[in-house]
Amino acid sequence: MATLGEALVAGLEVYGIDTVFGIPGVHTVELYRGLADSAIRHVTPRHEQGAGFMADGYYRATGRVAAAFVITGPGLTNILTPMAQAYADSIPMLVVSSVNRTRNLGMGGDLHEIRNQSLIAAQAAAFSHTITHPDQLPAVLARAWSVFEGARPRPVHIEVPLDLFSVDYHGPTVRRHPAPEPSAPDPATLADIARQLADAANPLMIAGGGGTGASLGELAEAYDTPVVMTVNGRGAVANGHPLAVPASPSLNAVRDLISGSDWVLAVGTEFGRTDYDMYDLGGFEFPGKLIKVDIDAAQLAAGPQAEIALVSDAGRFCDEMLRLPAMRDVTERSGPGRAHAAREAALAEIGPKYRRVVALMEMLQEVVPGAPIVCDSTQAAYAGNLYFNSDERQWFNASTGFGALGYGLPAAVGAALALADEGQPGAVICICGDGGLQFSIAELGAAVEEKLPLILLVWNNGGYGEIKDYMVDRQIKPVGVDLHTPDFVGIGRAYGAEAMALEDLADLPRLMIEAAERSGPTLIEIDEALVLGDL
C-alpha cells in the first residue's frame, strides 16, 4: 500500500513532471520515499530560492512544468521570492511543501512553524491548498494543471501536514484529465478585429509574454503590421523578421511608433510599468484605438481601456484570425519600413554604453548559435530589455515585474537541464553582475554536479554599478554600492568549474566556443572596462 507521499509523487509522474528541485529535510523525507523509485529526476539546489528559480528557467526554456519540494516554514519563505517572480511573469511551477501536524496547527512552538503558512504562499500563487484528507489529492492536482494549461499560468502551492504524508493512501487513482481546449473566440468579434486592422492606415501589434508560441509573425505578415515585443514577448516574431521591433515601449522611439498608429492590437500583455513606463514619464497612452486579446479576463479590464476586448488564448486567436478571408489588399502598406525606422531610432536612443553591451550580446549569439541568454539584474539585462533581438525562449531575466536579484545562475541551471532533456546539448549563456551573483553563486555547485554546458559570464564593476550611476545622476552621494569583490575565478575552480578572467575582449569568441564544447560549466570573469572602455 502506498502512502500519501508516494501517491503524490506518482501523481506528478502521471501529469508529466520529470524534474523536482528540492533540498531534503526532516519535514519532506516522506516525499523522498516515493521519489527514489520513480522516473522523476531530483536536482539539489543549495538554497530553496535556487529551487524556485531553477523551476522558472526550466519552464522558460522549454515550456515544461517542474516541481519544487520545500520544508515547512523557512523552506517555503525562501522560495517565495521565485514564486513571486514567476507570478509576475506568468510562469507555472508546482511548489509542494510540508506543514506542521494537523493537531499542532496554530498552536505555536513547533519546529519550522509559521502562522498561516498557506495564506503567505497564496500571495505568490494562483492558489494554495492544504490537503486535509488524502482523498483530495487527485482533485487538487487536476486543479493545478487547469491553471498551468487552461488559464493564465502561474505558480501553485500544495502543502501536506506531516502526519498525513505517511498515512496509507486509499483514494482514487490519479488520472490525468485532458488539457482543456482553449475556447473558440467569438466569430463576430474576430471579424470586427480583422476589419479594423484591414481598414487601418497604420496598424501595430504589441506582443507580451502571453503572445509567444502563437502565429503572430504570420498574422503580422497578413496585415503588414510591425510587432513591438515586450521583454517577455521577445521571440514572438522571429529574430530578424522585417516586421519585428524588439524594443521596449518605455523608449520614446517605440512610443512614437505607437502614437502614429491608428489601431493597436495588444496580445498577452498587462501594460506593466517595467515594460511601458520604466522611466516614470507618466501614464502610457494610446492616441489611436486599442484592441486587447488576453487569456485572463480580469486583465482586459486593467490598464488602458480597449475599444475591442477579447478573452482568448493567443494561439487560438491567431489561428482563427488567419482562417478568415482577407478583408482587403494591404500590400501597399509600409510595415517593414515603419518597423525598420523604429528599430533604428530605438537603438540610437539607448546610447553608446548600452549599444556596446548589445553588440557584445549579438556576438555571443553569433559564436554560440541557439544558446539562450539568461541574465540576472545587470547591465546586460537592462540594455537587452531596452533593445535586443532574439528567438523565442532565448532571452529571459528577472529585471521586470518582481525584479528579483539572484535569478540568473539558478534559472540558467534549470534551462540547461531542460534543454539537455530535449536532446539539445548546446550551451546556455548566463550573464550575472558581481553583486547579484553573490546572491546565488552556490548554485554553481548544482551546475557542476549535473555536468551542464553552462557559460557563466561575470560582469564585474566592483559592486552595484547601475544603482551607483542612478545615485550619481540624482546627486545622491553613493552609499552601500561599492562591494568587496571576491575571487570569482578561484570560487569557480573551487566548485570544479573551468574558470578564467578575460584579459582581452578579442579572446572572448574563442573562449565562448571552447566553453560551449565542454561537458561542464565555465566561468568567465569580464571587467566592465574591457567592454565599455572610456565611456
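Only heavy atoms go into these numbers, but all of them, side chains included; no hydrogens, no water, no symmetry mates. Quick note: residue numbers are just sequence positions, from 1. Treat the numbers as computed from the prediction; the structure is a model and nothing was measured.
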**Report entry** Verdict with supporting geometry, I79 and F21, side-chain contact (heavy atoms from CB on, under 4.5 Å)
**Finding:** CA-CA 11 Å; I79 205 172; F21 301 99; over 6 Å; no

Any side-chain heavy-atom pair from L456 and P521 closer than 4.5 angstrom? no

Chi angles and distances behind the side-chain contact (heavy atoms from CB on, under 4.5 Å) call for Y276, T230: CA-CA 8 Å; Y276 289 86; T230 67; 3.5 Å; yes

* Asked: Counting distance only, does the side-chain N/O of D376 pair as donor-acceptor with the main-chain N or O of G406 below 3.5 Å?
  -> yes

message: With a 3.5 Å distance limit and no angle check, can you tell me whether E443 reaches the backbone of H47 through a side-chain donor-acceptor pair?
response: yes

Next item on the list: Go through M361 and I431 one step at a time and tell me if the side-chain contact (heavy atoms from CB on, under 4.5 Å) criterion holds.
Entry: CA-CA 10 Å; M361 293 190 296; I431 308 178; 4.2 Å; yes

Q) Would you say the side-chain atoms of H157 and S97 include a donor-acceptor pair closer than 3.5 Å? A) yes

| query | Do R64 and D421 come close enough that some side-chain heavy atom pair is under 4.5 Å? | reply | yes

The complete set of ring-ring contact (aromatic ring centres under 6.0 Å, His included) pairs with one or both residues in residues 399-423, sequence neighbours excluded, reads F53-Y407

Task: N/O donor-acceptor pair under 3.5 Å between E392 side chain and G213 backbone - done: yes

Indicate yes or no: at least one non-hydrogen side-chain atom of N232 is less than 4.5 angstrom from one of R60. yes

Do D89 and D56 have side-chain heavy atoms sitting under 4.5 Å apart?
-> no

Problem - Donor-acceptor contact below 3.5 Å, side chain D313 vs main chain R316 - result: yes

Nearest heavy-atom approach of I71 to G25 is CG2-CA, 3.9 Å

So, does R234 use its side chain to make a donor-acceptor pair with the main chain of N385 at under 3.5 Å?
-> yes

Residues M93 and V65: closest non-hydrogen pair is CA-CG1, 4.2 Å

Do L141 and L12 come within less than 4.5 Å of each other through their side chains, counting heavy atoms only?
yes

Output for pair (F396 CZ, Q394 CD), nearest 0.5 Å, gives 9.5 Å

Between the CD atom in E449 and the CG atom in L444, the distance rounded to the nearest 0.5 Å is 11.0 Å

A220 and V227 have their tightest heavy-atom pair at CB-CG2, 3.5 Å

Give the C-alpha distance, both sets of side-chain angles, the deciding distance and a yes or no for side-chain contact (heavy atoms from CB on, under 4.5 Å) between L76 and Q117. CA-CA 8 Å; L76 181 70; Q117 178 176 282; 3.0 Å; yes

Margin query: Under a 3.5 Å distance rule, please check whether Q299 uses its side chain to pair with a backbone N or O of I295 as donor and acceptor.
Written below: no

Could you check, using the six-membered ring where one of them is a Trp, whether F69 and H42 have ring centers closer than 6.0 angstrom? no

R154 and A126 have their tightest heavy-atom pair at CB-CB, 4.2 Å

What I'd like to find out is whether the side chain of C318 reaches to under 4.5 Å of the side chain of L216, using heavy atoms alone.
yes

>> Contact between F439 and T81 at the side-chain level, heavy atoms closer than 4.5 Å - yes or no?
In response: no

Exercise. State, yes or no, whether a side-chain contact exists between F165 and T3 at a heavy-atom distance under 4.5 Å.
Key: no

Practice problem: Indicate yes or no for a side-chain donor-acceptor contact from T28 to the backbone of V70 under 3.5 Å, with no hydrogens or angles considered. | Solution: no

Correct closest heavy-atom pair for G22 and P45 would be O-CD, 3.4 Å

Consider only side-chain N and O atoms of N389 and N239, and report whether a donor and an acceptor are under 3.5 Å apart. yes

Between T269 and G208, the two heavy atoms sitting closest are CB-CA, 3.7 Å

CG (L219) and CG (D319) are apart, to the nearest 0.5 Å, by 10.0 Å

- Query: Can S98 and T72 be counted as having a side-chain donor-acceptor contact under 3.5 angstrom?
  - Reply: yes

Sorted by chain and residue number, the ring-ring contact (aromatic ring centres under 6.0 Å, His included) partners of W395 (sequence neighbours excluded) come out as F388

In this structure, OG of S519 is separated from CD of E498 (nearest 0.5 Å) by 9.5 Å

So OG of S248 and CG of D277: to nearest 0.5 Å the spacing works out to 9.5 Å

Quick check: does any side chain N or O of N78 sit under 3.5 Å from a backbone N or O of P74, one acting as donor and the other as acceptor? yes

Strictly below 4.0 Å, N to O, side chains only: are R41 and E450 in salt-bridge contact?
no

dist I455:CD1 -> I373:CD1 (nearest 0.5 Å) comes out at 10.0 Å

Would you say the side-chain atoms of N116 pair up with the backbone N or O of L119, donor to acceptor, closer than 3.5 Å? no

Strictly by modelled atom types, are S90 and R152 linked by a side-chain donor-acceptor pair under 3.5 Å? yes

Can you tell me if R176 has over 12 outside heavy atoms packed within less than 6.0 Å of its CZ? yes

Examine distances only and state if a side-chain atom of E30 and a backbone atom of G5 form a donor-acceptor pair shorter than 3.5 Å. no

